[in-house]
2 protein chains.
Amino acid sequence: MPQKHRKTVQRKPRADAQRNRERILEVAKEAFARHGANASLDDIAKEAGVGPGTLYRHFPAREELLQAVYRTDLEKLAAAEQKFAQTMAPTDALRAWLLLFVDAIAAKQLIAPALNTLLGDPKKVFEASHAKMHQAIRALVKRGVESGEIRSDLDPVDLLRALIGVSNVASAPDWQPSARRLVDILIVGSRPIK
Amino acid sequence: MPQKHRKTVQRKPRADAQRNRERILEVAKEAFARHGANASLDDIAKEAGVGPGTLYRHFPAREELLQAVYRTDLEKLAAAEQKFAQTMAPTDALRAWLLLFVDAIAAKQLIAPALNTLLGDPKKVFEASHAKMHQAIRALVKRGVESGEIRSDLDPVDLLRALIGVSNVASAPDWQPSARRLVDILIVGSRPIK
DNA sequence: GGTAAAATGGAGACTGTCTCCGAATTAATA
DNA sequence: TATTAATTCGGAGACAGTCTCCATTTTACC
């Protein structure tokens, strides 16, 4: 037990810190859903009953807050990949997962605003959930390529980008059927050219 | 000539107004290219040598400035549709035009930031250049559908949305090849299911 | 209980948006 | 050319959002 007399003993994290962090996340999820990804951070802090300083210490950048808010949802989505991969043919699995992705965006107005910021931005492509999503789509496509059902010159992430593009650019209130149709097109278009 | 004694005679527009408007557009194009679509409007005004009031009278909302800046480029793009339609088979014309679209986005960092705001936002879908772009893609797809080369259950605008999504979400510096590949996928996927 | 480490939160600096309106400029008219 | 009235200018400043600093408070551990 090196903890006993190391200089850098790990203290148990303070209870109030934990509490505040969770409250901020709750309020933020609500706020992002209501006001979009640009909701005022100071307002979120206020509604969570903390000062702005506190919010910014927990989440130095807006991105990080968004990331934290949607992390679990994204990871759940990524996890679904394995289930599909195990029970379906490659192409079907890919299609199913893409549709699930669309549904997830649709179901929760929540994720939509976050995704473009998350999946896309030039910055950190290293975040945990980010990486898991990439891994998921890559695995699906790779399996398809190996079985010969998917053309090999395909950047898996582009599929996601296309869908995100459609959804977040969504002008029409009926974007969801559009997105589902697009999935179909992407799938068909992803077959190898014979 | 009712102008002679109508109350609402149209005066010749003032020269300084015209001059300022043009200067603002020049500077804005430059600024958007450099700093993205969120460039500070007050800064643009300052650099154009006018007060913020002037800028805001000419372009009450950021959107309108963006629109004005890229109007000609977009309309040129839309116009290219006819040329393609007249000289190529439907599918080829569609492909060519989509590729031109990608190139236009790539060539000018310019257009990219504007497009998502332009093509997408819930607000006015009525702008001139906006409408022309929609018309162009619709015409291309329609022709393809009629000749049986394109499936009929396809929202033409979704193709644009997908491409815009890819480009503006563009994290990788090599997004352009991705986008070109995506065009290919979209085209293949747009064929009728036999 | 005492103490040092950790966390708080609000005042305020800063930046960007947008408006208001007195002053300046200009096109039309005489 | 001089006058006039419409039009435009442009900067001061109200407002909102972001983010930081640090004196104060809370907490875990002894």
Side-chain angles (χ1 to χ4, degrees), chain A residues 1-28 31-32 34-69 113 117 121 123, chain B residues 1-28 31-32 34-69 113 117 121 123:
Chain A
M1 293 145 186
Q3 271 142 309
K4 253 326 177 25
H5 61 0
R6 284 285 304 281
K7 202 48 157 303
T8 53
V9 199
Q10 275 308 59
R11 268 168 83 126
K12 184 163 78 171
R14 280 177 53 162
D16 54 345
Q18 185 63 21
R19 214 182 316 131
N20 280 333
R21 187 189 163 86
E22 274 160 18
R23 248 197 98 40
I24 289 171
L25 283 176
E26 278 175 36
V27 172
F32 287 143
R34 191 191 311 282
H35 301 116
N38 294 332
S40 159
L41 296 187
D42 276 28
D43 281 358
I44 291 176
K46 194 175 302 176
E47 196 173 336
V50 303
T54 301
L55 185 150
Y56 280 95
R57 191 164 348 83
H58 282 293
F59 309 100
R62 178 182 293 274
E63 309 269 315
E64 292 183 46
L65 181 53
L66 281 167
Q67 177 71 234
V69 165
T117 326
D121 255 21
K123 303 161 193 177
Chain B
M1 290 140 188
Q3 271 141 308
K4 252 325 174 31
H5 61 359
R6 283 288 302 283
K7 206 46 159 301
T8 51
V9 198
Q10 276 306 59
R11 265 167 86 126
K12 186 162 79 173
R14 281 175 52 161
D16 54 345
Q18 184 62 22
R19 215 181 316 131
N20 279 333
R21 186 190 163 86
E22 273 160 19
R23 246 195 101 41
I24 290 172
L25 283 176
E26 278 174 37
V27 172
F32 287 142
R34 191 192 311 284
H35 306 297
N38 294 333
S40 161
L41 296 187
D42 275 28
D43 280 358
I44 291 176
K46 194 174 302 176
E47 195 172 336
V50 303
T54 301
L55 186 150
Y56 281 94
R57 190 165 348 84
H58 281 293
F59 310 99
R62 177 181 294 273
E63 310 269 316
E64 292 182 46
L65 181 53
L66 282 168
Q67 177 71 232
V69 167
T117 326
D121 255 22
K123 304 163 195 176

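Residue A:Arg62 comes nearest to A:Phe32 through the heavy atom pair NH1-CE2, 4.2 Å, listed as atom of the first residue, atom of the second, then distance.
Counting to the nearest Å, the P atom of D:dT20 and the CG atom of A:Leu55 are 12 Å from each other.
Side-chain N/O atoms of A:Thr54 include none lying less than 4.0 angstrom from OP1 or OP2 on C:dA7. Between A:His58 and C:dA7, a side-chain N or O to OP1/OP2 separation shorter than 4.0 Å is absent.
Annotation: the span from A:Leu66 atom CG to A:Glu63 atom CD amounts to 6.5 Å, rounded to 0.5 Å.
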Report, one pair per line, the protein and nucleotides 16-18 of chain D atoms (nitrogen or oxygen only) whose separation is under 3.5 Å.
| unit_1 | atom_1 | unit_2 | atom_2 | d |
| --- | --- | --- | --- | --- |
| D:dT18 | OP1 | A:Arg62 | NH2 | 2.1 |
| D:dT18 | OP2 | A:Ser40 | OG | 3.4 |
| D:dT18 | OP2 | A:Leu41 | N | 2.8 |

Please tabulate, for the side chains in residues 36-49 of chain B, all donor-acceptor contacts under 3.5 angstrom to protein atoms that are two or more places apart in sequence or on a different chain.
| unit_1 | atom_1 | unit_2 | atom_2 | d |
| --- | --- | --- | --- | --- |
| B:Ser40 | OG | B:Asp42 | N | 3.4 |
| B:Ser40 | OG | B:Asp43 | N | 3.2 |

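Of all the residues in residues 14-23 of chain B, B:Arg14, B:Asp16, B:Ala17, B:Asn20 reach under 4.0 Å from DNA chain D with at least one non-hydrogen atom.
Rounded to 10 degrees, the angle separating the terminal axes of the helix from C:dG1-D:dC30 to C:dA30-D:dT1 is 10°, with each axis obtained from five end pairs.
You'll find the side chain of B:His58 reaches within 4.5 Å of the side chain of B:Ile24, heavy atoms only.
Considering only residues two or more places apart in sequence or on other chains, B:Glu26 meets the side-chain hydrogen bond (donor to acceptor under 3.5 Å, both in side chains) condition with none of them. Scanning for salt bridge (charged side-chain N to carboxylate O under 4.0 Å, His left out) contacts around A:Arg14 gives A:Asp16, with sequence neighbours left out.
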